[in-house]
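For reference, the structure is listed below as structure tokens.
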Amino acid sequence: MSKKKQLLIGILGFLVLCCGLSGLASLFSGDALDGEPTAVIVAEADDRAQAITLEPANTAAPTSIPTETLASIPTEEPTNTPEPPATSTRTPRPTATNTPTPEVQTAIIVDPTGNEVVGEMAVVTHIVDGDTIDVEINGEVYRVRYIGMDTPERGDSFFQEATDANAQLVAGQKVILVKDVSETDRYDRLLRYVYLEDGTFVNGELVRLGFAQSSSYPPDVALQEIITSLQRAAVNSGVGLWASPAVVVVTTNTTVPRPTNPPAPPTEAPQPTNPPAPPTEAPQPTQAPPVAAGLVVIVGVNKQAEYVDIQNQGGTDVDLSGWVLLSEKGVKPVI
């Protein structure tokens, strides 16, 4: 090998070495991009020298990342590792329950006419008087007025007796309330026929025992004939109101009583000197008309309409001419 070739190989080796060192320097220095191109001379085989400009490689220098930034970069998790589900720590709330309003309890009862009727179940909470009570239905308190009958008002005779009799029948008891036509009266009281659970007809029972009297309140008259017949039985038995002299029917056509034994003859008086004039003949007493046959009783008193029902329960006609109706509040003629 000639000396020129050896020299050329040495120059090429030197250039390669310089390029390697320059690349290493560009890795550690950010100024490599700003450096000026390095000019080298390449010797050709024909011994002519040619200038070759070596441009630095357009390699981006690594950027220095602060330690704090490296610490904040999250580490990538494996994609196929499932995350555990989050556990709920919320306390469950109770579910609100909608409690339905209880329906009115009903019951079927057989009325005095033999018909089955439907009524409302209630509990008696208070006795007002002989024909009025307070009852509870589904937690609500209502005032109930018996229909078809009437008892003495407060302050009248027999008021307390009728009230006590009503209490003995229904106080604290479960009762069945049956409507006729009207729902309430002008005082907002329920108008009802009242029955016990054993079927006892309370309105009629008070009349039958003589603690109440039949009283009609149209249009609620479905059982009025039954109640009137029960009063007729009480009058005939003379119980309760009908045993009291508060209401009595009398007649003015009363026969004049005659003495049982004739009067003793008068003692003979001494004869006067001059005989007296003969006495004038006394008039004969007029015979009173006979008492009419028959049984006349009071079967109904309506205080509101102010009339009295009188019935002849005898077998013959009765002439009421001259008769009067006596009550504890005065005398009223019978028309």
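For reference, positions follow the sequence shown, starting with 1.
Judged as a salt bridge (charged side-chain N to carboxylate O under 4.0 Å, His left out), and not counting sequence neighbours, the contacts of Arg145 are Asp131, Asp150. Partners of Ser182 under the side chain to side chain contact (heavy atoms under 4.5 Å, CB included) rule, at least two apart in sequence or in another chain, are Leu191, Pro219, Asp220.
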Residue pair Val135, Leu177: steps toward the side-chain contact (heavy atoms from CB on, under 4.5 Å) verdict: CA-CA 10 Å; Val135 301; Leu177 309 178; 4.1 Å; yes
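Contact check for Val207 versus Tyr146: no side-chain heavy atoms found under the 4.5 Å cut-off. Side chains of Thr228 and Ser216 form no contact here, defined as non-hydrogen atoms less than 4.5 Å apart. Val239 places none of its side-chain heavy atoms less than 4.5 Å from the side chain of Leu209. Contact check for Arg192 versus Lys179: side-chain heavy atoms found under the 4.5 Å cut-off.
Using modelled atom types, no side-chain atom of Asn166 and backbone atom of Ala162 make a donor-acceptor pair closer than 3.5 Å. For Asp129 (side chain) and Thr132 (main-chain N/O), a donor-acceptor pair under 3.5 Å exists by modelled atom type. A donor-acceptor distance shorter than 3.5 angstrom exists from the side chain of Gln224 to the backbone of Gly148, with no hydrogens or angles considered. Of the possible donor and acceptor atoms, one in the side chain of Gln231 sits under 3.5 Å from a partner among the backbone N and O of Ser214.
When hydrophobic clusters are built by joining Ile, Leu, Val, Met, Phe, Trp and Tyr residues whose side-chain heavy atoms come closer than 4.5 Å, directly or via intermediates, Met121 is grouped together with Ile109. Residues Phe159 and Met149 are members of separate hydrophobic clusters, defined by side-chain heavy-atom contacts under 4.5 angstrom among Ile, Leu, Val, Met, Phe, Trp and Tyr. Under the 4.5 Å side-chain heavy-atom criterion for grouping Ile, Leu, Val, Met, Phe, Trp and Tyr, Leu196 is not connected to Val123 through any hydrophobic cluster. Under a hydrophobic-cluster definition in which Ile, Leu, Val, Met, Phe, Trp and Tyr are linked whenever side-chain heavy atoms come within less than 4.5 Å, directly or via other members, Val221 and Leu190 are assigned to different clusters. Residues Ile226 and Val194 are members of one and the same hydrophobic cluster, defined by side-chain heavy-atom contacts under 4.5 angstrom among Ile, Leu, Val, Met, Phe, Trp and Tyr.
Shortest non-hydrogen contact noted between Thr151 and Ala212 is CG2-CB, 3.4 Å.
Under a 4.5 Å side-chain heavy-atom cut-off, the cluster of Ile, Leu, Val, Met, Phe, Trp and Tyr residues that includes Val118 is completed by Ile108.
The side chain to side chain donor-acceptor pair (under 3.5 Å) with Tyr193 is formed by just one residue from the set Asp180, Asn203, Asp111; it is Asp180.
Under the 4.0 Å criterion applied to side-chain N and carboxylate O atoms, Glu183 and Arg189 are not assigned as salt-bridge partners.
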